[in-house]
Amino acid sequence: MTNADMKVEVAAAMKSYLTSQDFKDIIAKAVKEAVGQAMESILKELKAEIAVLEGKVKTLEDTIEKVAAKANDNEQFSRRQNVRVTGFVEENEENCAEKFVNLCREKIGLDVNDDIVDRAHRVGKKEEGTNRAIIVRLKTHKDKLAILCNRKNLRGSGFYINEDLTKINQKLSYTARVTCTNVDTSWTVDNKIFVKRKSDGRRFQVANQFDFTKYELL
């Protein structure tokens, strides 16, 4: 056999092998393994990157939550000398401060004068057939406490005086009063929300939504 014949036979054998199913299976297996290893490496890197991003997101969420809580505390403190009054019929050109002082004298029984009020005004959007609440800012915190301590005299009068809570704290107070099944009573002291747990009579301050679960109030 000449060299030329050998070359032809080798070429034929190579061609036969390269087109055989065995060779195709070997190539497919090798590609599959290579792709699998590459994907595993990529997924590992992605998981590491995702873990880092999740950590950053959690840190950001915690920061936002703390900032929001601080902002709410600051806003609530700015309302420290405020009370919210409901029950007054809304009139044109009314004097809200005068109405409030007369209420304190005639219904609550306090000997007060106009000097206790810094300012008073209706709050919220005016709607036909409704009477908006009046926000009263008192000049001293002492006057506010005196009024709140004696507001029990308003029972049955149709008038109500409450602390001027922020929207967040209003929601907390509503949840404590209406939604929680394990709350006996709830109240506010200096704009802080407190509850008495029905199951054992223990008292807690509610500062955020998580406290309802923490103290098993729901």
Nearest heavy-atom pair of R79 and E75: which atoms, and what distance?
NH2-OE2, 2.6 Å
Could you walk me through whether V206 and L217 satisfy the side-chain contact (heavy atoms from CB on, under 4.5 Å) test, starting with their C-alpha distance in whole Å, then the side-chain angles of each, then the deciding distance to 0.1 Å, before giving a yes or no?
CA-CA 10 Å; V206 175; L217 302 173; 4.2 Å; yes
Once you round to the nearest 0.5 Å, how far does [atom1] of [X] lie from [atom2] of [Y]?
{"X": "I26", "Y": "Q21", "atom1": "CD1", "atom2": "CD", "value": "10.5 Å"}
{"X": "N95", "Y": "K99", "atom1": "CG", "atom2": "NZ", "value": "9.0 Å"}
{"X": "N150", "Y": "L110", "atom1": "CG", "atom2": "CG", "value": "4.5 Å"}
{"X": "R80", "Y": "R137", "atom1": "CZ", "atom2": "CZ", "value": "10.5 Å"}
{"X": "Q170", "Y": "I193", "atom1": "CD", "atom2": "CD1", "value": "9.5 Å"}
{"X": "E65", "Y": "T63", "atom1": "CD", "atom2": "OG1", "value": "10.0 Å"}

Determine whether [X] and [Y] make a side-chain contact, defined as any pair of heavy atoms from C-beta on separated by less than 4.5 Å.
{"X": "L165", "Y": "L172", "result": "no"}
{"X": "V112", "Y": "D143", "result": "no"}
{"X": "D190", "Y": "L145", "result": "yes"}
{"X": "R203", "Y": "F194", "result": "no"}
{"X": "E98", "Y": "D114", "result": "no"}
{"X": "T59", "Y": "K56", "result": "no"}
{"X": "E61", "Y": "K58", "result": "yes"}
{"X": "F100", "Y": "C96", "result": "no"}

Mark yes or no for whether [X], through its side chain, and [Y], through its backbone, hold a donor-acceptor pair below 3.5 Å.
{"X": "S41", "Y": "Q37", "value": "no"}
{"X": "N153", "Y": "I108", "value": "yes"}
{"X": "D25", "Y": "A28", "value": "no"}
{"X": "N182", "Y": "E216", "value": "yes"}
{"X": "K126", "Y": "R132", "value": "no"}

Member of K144, K192, R84 meeting the salt bridge (charged side-chain N to carboxylate O under 4.0 Å, His left out) criterion with E163
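Single pass found, and it is K144.
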Applying ring pair (Phe, Tyr, Trp, His ring centres under 6.0 Å), name anything that partners F88, two or more places apart in sequence or on another chain.
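By the ring pair (Phe, Tyr, Trp, His ring centres under 6.0 Å) rule, F88 matches F159.
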Answer yes or no: does atom CZ of R105 have more than 12 heavy-atom neighbours from other residues, nucleotides or ligands under 6.0 Å?
yes
Counting only heavy atoms not in E40 (residues, nucleotides, ligands), do more than 12 fall under 6.0 Å from its CD?
no
side-chain hydrogen bond (donor to acceptor under 3.5 Å, both in side chains) test vs T166 passes for just one of D73, N72, N74, namely N72
For residues [X] and [Y]: do they belong to one hydrophobic cluster (side chain heavy atoms under 4.5 Å, members Ile, Leu, Val, Met, Phe, Trp, Tyr)?
{"X": "F204", "Y": "F210", "result": "no"}
{"X": "Y215", "Y": "L218", "result": "yes"}
{"X": "I135", "Y": "L138", "result": "no"}
{"X": "V89", "Y": "L103", "result": "no"}

How about N169 and Q76: does a side-chain donor come under 3.5 Å of a side-chain acceptor?
yes
Derivation of the side-chain contact (heavy atoms from CB on, under 4.5 Å) call for T140 and I116
CA-CA 7 Å; T140 69; I116 68 169; over 6 Å; no
One pair to check against side-chain contact (heavy atoms from CB on, under 4.5 Å): E49 and L46. What are the steps and the verdict?
CA-CA 5 Å; E49 292 179 4; L46 284 175; 4.2 Å; yes
Chi angles and distances behind the side-chain contact (heavy atoms from CB on, under 4.5 Å) call for R177, V195:
CA-CA 9 Å; R177 288 184 290 106; V195 299; over 6 Å; no
